[in-house]
Each structure stands twice: as C-alpha cells, then as structure tokens.
Protein chains: 2
Amino acid sequence: MPKPQVDPTATLGLRVDRGSPVPLYFQLAQQLEAAIEQGALTPGSLLGNEIELAARLGLSRPTVRQAIQSLVDKGLLVRRRGVGTQVVHSRVSRPLELSSLYDDLETAGQRPTSRVLVNALVPASADLAGVLGVTEGADVHRVERLRLAHGEPIAYLVNHLPAGLLDLDTDRLEATGLYRLLRCAGITLHSARQSIGARAATSAEAERLEEAEGAPLLTMERTTYDDTGRAVEFGAHAYRPSRYSFDFQLLARS
Amino acid sequence: MPKPQVDPTATLGLRVDRGSPVPLYFQLAQQLEAAIEQGALTPGSLLGNEIELAARLGLSRPTVRQAIQSLVDKGLLVRRRGVGTQVVHSRVSRPLELSSLYDDLETAGQRPTSRVLVNALVPASADLAGVLGVTEGADVHRVERLRLAHGEPIAYLVNHLPAGLLDLDTDRLEATGLYRLLRCAGITLHSARQSIGARAATSAEAERLEEAEGAPLLTMERTTYDDTGRAVEFGAHAYRPSRYSFDFQLLARS
DNA sequence: TCAATCCTTATGTCCGGACAATCGGACTAC
DNA sequence: GTAGTCCGATTGTCCGGACATAAGGATTGA
C-alpha cells in the first residue's frame, strides 16, 4: 500500500509569472522562503521531489533546482540524496553582512545619529598607506565620528579613505552611513577583512563614549574592498560593550 | 583587425579526468583556484568566455559555469554581463567558518592544549533549558576548559550540551576540540548563532587567565545547531584580547 | 532472528541547445 | 565636438533529457 505522500508544497498555491522580468527561479525561491517564514512549510517537513514540483509549476528541473539551491545556500533548506529536501528547524537570522553600523542600528529599530568630529585631508602614514594601497604621505580623508542612539554614545568611529574617491560632505556623513555614501558614488562593495577584539579605553575615548578610563571596549578594524580589488576604506571602531555586540549566524561550509 | 585575444586560461594546461569520481566542475574549480593562488591567473585579468573554455576542455557550458560560480561564491572571481569573468584583486583569506577555537589555533601554527576544569552533569537552568531546547532541570553536560597555547592561557571556555548526545571523555576533551568530538559522534554541524562582545574580567576569570581583575576580556556566546535543527551546544567563552581576536573576511551578498 | 542483498526513490552530475539582458565600443547624426 | 544609436561580445536564464550515486526500506537468505 502506498503511503499518503503528502507534499506540503502541493497546497501552497505556488505559481510563477512568466511575464515578469523577475527570473523564474527567483520567484519560486521567494515564495518558498515566504512559506517557510510564515510557517506554511513547517520545519523538518520534506519538500516533495524536484521532478514533481517542476511538473506542477510548469518549470524545468534545473530551474527548480536553482531556486532550491539558493535557499540551501541561505541555510533554510537541507538536501539529502536519496531522501529529499527538508526545511531546517532552527530559525535563521541573517548571516553577518557587509553592512554598516548605521544600517544595523536602523534595522534594529533605533534611530542612529552621527556627530562628525573630524573631516579632513591628512597625509597617509606608512601603515595606512600599505593598507589602502596608496603611496606614503599621499592625501587621504580622515573622518572621526561619534555614533549615538537615543542620545547615548554607542561607538567612536575613525575611518580613512583614499582621496578622490568621493567627496565627503559633513552634512551627508551626519545624515547617513559611510557605506551608503560609497554605494551612491557608484562603488560596488565586494568584500572586507575584519578583526574584532577588545581593549581598555584611553582617556580620550572614555570621555567621548562616557565611560571610565580603562573600561573594556569592543573594537573592530576593517578594510573594505570594491569589486576591482581596490581598498576603499579602512576603519578602526570602538564600541561600548554595554550598548553593542556583534550578533550573527554562521553556516557550515557545505 | 581583431585584437590579440590573450586568454590566460589557454596557457594553463587545464584538463579534467573523466575517470575520476570527483565531479568535473569541481576539478575545474580546483585548478582555477590553484592557478589564482599561485599567481598564474593575475588579479584583474579576464578569464575568456565560457563557451570557448568549455569547448577547449571538452565540457558543456553549464559545467564550466558551475565551476566558475563556485569560485564567485568564494569571492575569488567577479562576473560582469557583457564583459566577462575577472579575477578579484584582493587577496582573500577564508571567511569566518563554523570552526572551533582548537582548529583555529592549530591552523595558525600554534599547538593548543586544553585543561579540563569541570566535566559533570548538572540540572539545566531555565535560560539554558530554553537555549538548548530541553526541559528545565533536565541533566546537561557542563564542561569548563582552559585553552592554552605555548603554555599561556588564551581563553576560558564554558560549554553546555544536552545529555545523551555523546559521551564526553575528559581525556579526549583535552586532546582535541569539542567540534571534532561532535563530528566524530556522527553529528553534522549546520549553523550557529554567535554574539561577540566585551566585558571586564571577574576575579575568578582573572586568576585563571592570568589577567588583572577588571581587565577587558573578549567574549563570545554561541549556540550550535545540527542539520535537524537541534541545539547541540551552548558555549560562553572569554578570551584574552592580547592573545586572541576574531579575524575574518566578509563577502557582499550577491 | 538476524544479516546481506535488491529495489525504489530522490538528489547529484552533465549535456547541448536556445534566447534574453547588459556592457562597451564604434559609428553616425547633429 | 558631442550626444545618441547601433552592434558585437558575454553572461544570465531556461529548457528537456540522460545517467550516476546514495539512502532507506523491502526482500531474501542463512
């Protein structure tokens, strides 16, 4: 006797719009993701085989596979050869993204504000020149900012950028994040190298962040590269650990 | 007059072994990655179009695309429609992995050692029970370890695991990392939620880590899940910031 | 009763082709 | 000279099929 074979995707009302400019695999992936998010696809449930799903939607199997693969890459699904594709139990948040503190705070529901303390052109030190890939002594932008949320200082941010990349208007720096300015200038961010550590606050930092001297600070140094491999930014940030921590999700590499 | 059309992959001696059980796309990806690593493919150079590459290797275009895509996902290549596929300039290190401190130290050339301070079964507190998905008061393993490298303390690690998942032998805990034990027990790690912060050392921590009381410590809390969604481990770690920091690379999402 | 084997099922890999979208340069018109 | 247009090149998307491989259950044998 064959078992009932309840395919949870059968009752989901999945459909794709071939007239849309949105790729078919992407439409499907979005609908599946929404179904998982809303609990229509319960964790642990099998998805029903790809062939059938493709036939039901009038798609080819490669297209369905591409959709499923994108969700596997996101950590929402797990495939098992000979078994099927399964919804992962654990609730996934987004993995660590190449995002700015400003955006992080904004999505967390805070209303971040910035106070620009320094915005000037300075000659690059040897270390900085090496990191940014410019010649020593060449002009670089130096930006020092204090980031606040609800009037309380969150972080003290020191950034250096190669000169000539974009014009850094103090007003715009106060209104938004640095990453958004870079993107608006036509720079496509590609990757970043980060280092997260901790150290005691210097007296200057302590005063700006309203902490005691020697208080523990969470630190982050980051070099950001665009898709041509140029270093476009080097930042050294100090966060108040009582107000900020780095939360993220990791996925095992296949 | 047609331009020279120097395709750097033409002189690379790429070839695939159809008798091998390793997938063709994977063979190609490995060879391309090696070529990039060794500098045979210089940053910024175009790769030559997929059709030609496929023809030269006797492969189909989808297979070549799959190989290239895997390297794009790794951040080694960038594709541009209408232009071509380009080697990224910036040197990539590995992105942040789901790895244990033990493995991290080992690959960094250190010879880590562990000292197990506590290895016992304790009733789960309400918080811990919620995190691990067990009932409050149920038995859980509690493991406290001190991790050292070159005889110096690096981190103080407190981990909790659901009982019955695996037998935690103190000797084996001292000989290797917790993640390796989990994998050996047939548990396939899938994802983890992490939070990195900082705080001042308590007197007990200070003594174990040979720091002063109130010294800044780098902290990490992590819940690890297997591929069925079960929480398999919750860890609260404290690192000496002078000896350890979290270094990793981020890729922009698509 | 237990173990080895076969069979079903589902994903993994691979093919060859087709058309669309986009980029960049060359060309043309003003 | 400058702006708009056209066109070739290249990747993006999609199709329909084929066979291989692994996992799990059912069957068979000892």
Side-chain angles (χ1 to χ4, degrees), chain A residues 1-9 16-30 32 45-73 77-87 186 188 227-228 254, chain B residues 1-9 16-30 32 45-73 77-87 186 188 227-228 254:
Chain A
M1 192 171 94
K3 50 182 175 182
Q5 266 295 7
V6 280
D7 180 352
T9 62
V16 292
D17 173 15
R18 299 195 94 93
S20 165
V22 177
L24 300 179
Y25 78 91
F26 195 78
Q27 294 183 35
L28 177 54
Q30 278 185 319
L32 288 177
S45 60
L46 273 314
L47 224 60
N49 72 46
E50 301 167 346
I51 318 272
E52 212 174 285
L53 186 54
R56 182 141 30 84
L57 289 168
L59 297 173
S60 70
R61 190 180 163 216
T63 304
V64 172
R65 276 183 68 80
Q66 194 173 1
I68 291 178
Q69 188 58 48
S70 70
L71 297 182
V72 170
D73 290 340
L77 298 177
V78 179
R79 322 178 87 142
R80 277 177 219 274
R81 186 189 303 214
V83 179
T85 305
Q86 206 171 10
V87 181
T188 60
D227 55 1
T228 70
S254 104
Chain B
M1 190 171 96
K3 51 182 175 180
Q5 265 296 6
V6 279
D7 179 351
T9 62
V16 292
D17 173 15
R18 298 195 95 92
S20 165
V22 24
L24 300 178
Y25 79 90
F26 195 78
Q27 293 183 36
L28 176 54
Q30 279 186 318
L32 287 176
S45 60
L46 273 315
L47 222 60
N49 72 46
E50 302 167 348
I51 318 273
E52 209 175 289
L53 185 53
R56 182 141 31 86
L57 289 168
L59 296 173
S60 71
R61 191 177 162 218
T63 302
V64 172
R65 275 184 68 79
Q66 193 172 2
I68 291 178
Q69 187 59 46
S70 70
L71 296 182
V72 170
D73 291 339
L77 299 177
V78 180
R79 323 176 87 141
R80 280 177 218 270
R81 188 188 298 209
V83 179
T85 305
Q86 208 170 8
V87 181
T188 60
D227 55 1
T228 71
S254 115

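Each chain gets a letter, A, B and so on, in the order its sequence line appears, and its residues count up from 1. Given the structure is predicted, the values throughout are model-derived calculations rather than measurements.
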Enquirer: May I ask you to evaluate whether A:Arg61 reaches the phosphate of D:dC15, defined as a side-chain N or O under 4.0 Å from OP1 or OP2?
Expert: no
Enquirer: Taking CG from B:Asn49 and P from D:dT10, how many angstroms apart are they, rounded to a whole number?
Expert: 5 Å
Enquirer: Can you sort out the partners of B:Glu52 under side-chain contact (heavy atoms from CB on, under 4.5 Å), two or more places apart, ordered by chain and number?
Expert: B:Asp7, B:Asn49, B:Arg56
Enquirer: Distance check needed: D:dG12 C1' versus B:Ile68 CD1, whole Å only.
Expert: 13 Å
Enquirer: So which nucleotide from C:dC14, D:dT13, C:dT11 ends up closest to the side chain of B:Ser60?
Expert: C:dC14
Enquirer: In Å and rounded to the nearest 0.5 Å, what is the CG to OG1 distance from B:Leu28 to B:Thr9?
Expert: 9.0 Å
Enquirer: Let me spell it out: for each of A:Thr85 and A:Pro62, pick the nucleotide of DNA chain C with the closest heavy atom. Which residue's pick is nearer the 5' end?
Expert: A:Thr85
Enquirer: Can you list the residues that meet the salt bridge (charged side-chain N to carboxylate O under 4.0 Å, His left out) rule with A:Arg80, with sequence neighbours excluded?
Expert: B:Asp227
Enquirer: Hey, could you give me the CD/CG distance between A:Gln30 and A:Leu71, rounded to the nearest 0.5 Å?
Expert: 10.0 Å
Enquirer: Which residues satisfy the side-chain contact (heavy atoms from CB on, under 4.5 Å) test with B:Val16, sequence neighbours excluded?
Expert: B:Leu24, B:Gln27, B:Leu59
Enquirer: CD of A:Glu52 versus P of D:dG16: gap in Å, rounded?
Expert: 17 Å
Enquirer: CG/B:Leu53 to CG/B:Leu32 distance, rounded to the nearest 0.5 angstrom?
Expert: 7.0 Å
Enquirer: Measure the distance from CZ on A:Arg79 to P on D:dA23 and round it to the nearest whole Å.
Expert: 15 Å
Enquirer: With sequence neighbours left out, what residues match B:Thr63 under side-chain hydrogen bond (donor to acceptor under 3.5 Å, both in side chains)?
Expert: B:Ser60
Enquirer: In this structure, how many angstroms lie between the P atom of C:dC15 and the CD atom of B:Gln66, rounded?
Expert: 10 Å
Enquirer: Between atom CZ in A:Arg65 and atom C1' in D:dG16, what is the gap in whole Å?
Expert: 15 Å
Enquirer: Using whole Å, report how far CD of B:Glu50 lies from C1' of C:dC19.
Expert: 15 Å
Enquirer: Check side-chain contact (heavy atoms from CB on, under 4.5 Å) between A:Gln69 and all other residues, then give those that pass, not counting sequence neighbours.
Expert: A:Val72, A:Asp73, A:Arg79
Enquirer: Rounded to the nearest Å, what distance is computed from the CG atom of residue A:Leu59 to the P atom of nucleotide D:dG17?
Expert: 14 Å
Enquirer: Could you list by number each residue of residues 16-25 of chain A showing a heavy-atom separation from DNA chain C of less than 4.0 Å, or answer none if no residue does?
Expert: none
Enquirer: Where along nucleotides 22-27 of chain C does protein come under 4.0 Å, by heavy atom, of base (B) or sugar-phosphate alone (S), with - for untouched nucleotides?
Expert: BBS---
Enquirer: Using a cut-off of less than 4.0 Å, is there contact between a side-chain N or O of A:Thr63 and OP1 or OP2 of D:dC15?
Expert: yes
Enquirer: List for me each residue that meets side-chain contact (heavy atoms from CB on, under 4.5 Å) alongside A:Ser45, sequence neighbours excluded, and say none if there are none.
Expert: A:Pro8, A:Thr42, A:Val87
